[in-house]
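These notes concern the structure reproduced below.
Computed from a predicted model, the values in this text were never measured in an experiment.
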Amino acid sequence: MEKVITTYFATVQECPEKEFKVEILEDGPIKKVAVNGKIYEVDYNQGGDSIHSMIIGHQSHGLQISIQGTHSYEVMNRQHSYQIGIMNELDRINSASDKDSALGRQVLTAPMSGVILKMFVKPGEEVKRGAPLCILMAMKMENELCAETDGVVTELFAKEGGKVNTGGKILVLDAK
């Protein structure tokens, strides 16, 4: 059994119900990383503030990683954009207890500037956790924003075709 140096939990916005457990097993020029128990050797180099190079299994990946928020990042890989959430063990425990007590008014805000391409809900509509609420078009990529909890949509701030800035209000959900 490998000794774990540190553990992180990652989610990808496109599939929020799936969580990846990332464990750093060896740190050095070549890192040993376990993702959900599968071990990878990763040759990793940082080439600037946001440019990163990784070689995994003899395959090279040039990545641009931009911080979007406290636990969120945008990762660009070969013209594909991914919104990634990463938390350490303590933050994950705190977040889980926050979600358990997430009753009341929840405001959905834009994770990045863009245009609301499609709005799937109207005021008064009930939604379940994970249900798509809208599609935000940013940097030529469509990002589906989903409900983090069950609830009722009470207010819309954005409309289809409308622009939103990073952190701009999109809608209000009264959580159940």
Do side-chain atoms of [X] reach the backbone of [Y] as a donor and acceptor pair under 3.5 angstrom?
| X | Y | answer |
| --- | --- | --- |
| E23 | T7 | no |
| N77 | L63 | no |
| S113 | T166 | yes |

Are [X] and [Y] grouped together when hydrophobic residues (ILVMFWY) are joined by side-chain heavy atoms under 4.5 angstrom apart?
| X | Y | result |
| --- | --- | --- |
| M76 | M137 | no |
| I84 | M141 | no |
| V35 | I65 | yes |
| Y40 | V75 | yes |
| Y73 | I56 | yes |

Mind checking the [atom1]-[atom2] spacing from [X] to [Y]? Nearest 0.5 Å is all I need.
| X | Y | atom1 | atom2 | answer |
| --- | --- | --- | --- | --- |
| N143 | L136 | CG | CG | 5.5 Å |
| C134 | K159 | SG | NZ | 15.0 Å |
| L156 | E160 | CG | CD | 10.5 Å |
| Y44 | S53 | OH | OG | 9.5 Å |
| L117 | E142 | CG | CD | 5.0 Å |
| I116 | I135 | CD1 | CD1 | 10.0 Å |

Side chains of [X] and [Y]: closer than 4.5 Å at any heavy-atom pair?
| X | Y | value |
| --- | --- | --- |
| K118 | E144 | no |
| V22 | V33 | yes |
| Q83 | Q68 | yes |
| L145 | I170 | yes |
| I86 | H71 | no |
| V12 | K18 | no |
| V121 | V127 | yes |
| L25 | V4 | yes |

*asked:* Quick test of your reading of the model: are E155 and R105 salt-bridged, counting only N-O distances below 4.0 Å?
replied: yes
*Would you find more than 12 non-hydrogen atoms of other residues, nucleotides or ligands less than 6.0 Å from I67 atom CD1?*
no
Restricting to non-hydrogen atoms, name the atom on [X] and the atom on [Y] that form the minimum distance, rounded to 0.1 Å.
| X | Y | value |
| --- | --- | --- |
| M112 | A138 | SD-CB, 3.3 Å |
| L173 | A147 | CD2-CB, 4.3 Å |
| Q106 | A175 | CG-CB, 3.8 Å |
| E126 | V152 | CG-CG2, 3.6 Å |
| P132 | C146 | CA-SG, 4.0 Å |
| Y8 | I24 | CE1-CG1, 4.4 Å |

*Using a distance-only test with no angle check, is there a side-chain donor-acceptor pair under 3.5 angstrom linking E74 and S81?*
yes
*For the pair Q59 and M54, evaluate side chain to side chain contact (heavy atoms under 4.5 Å, CB included) and give the outcome as yes or no after the intermediate values.*
CA-CA 8 Å; Q59 192 168 29; M54 283 194 229; over 6 Å; no
*Is NZ or CZ of K21 both nearer than 6.0 Å to the six-membered ring centre of F9 and within 45° of the ring axis?*
no
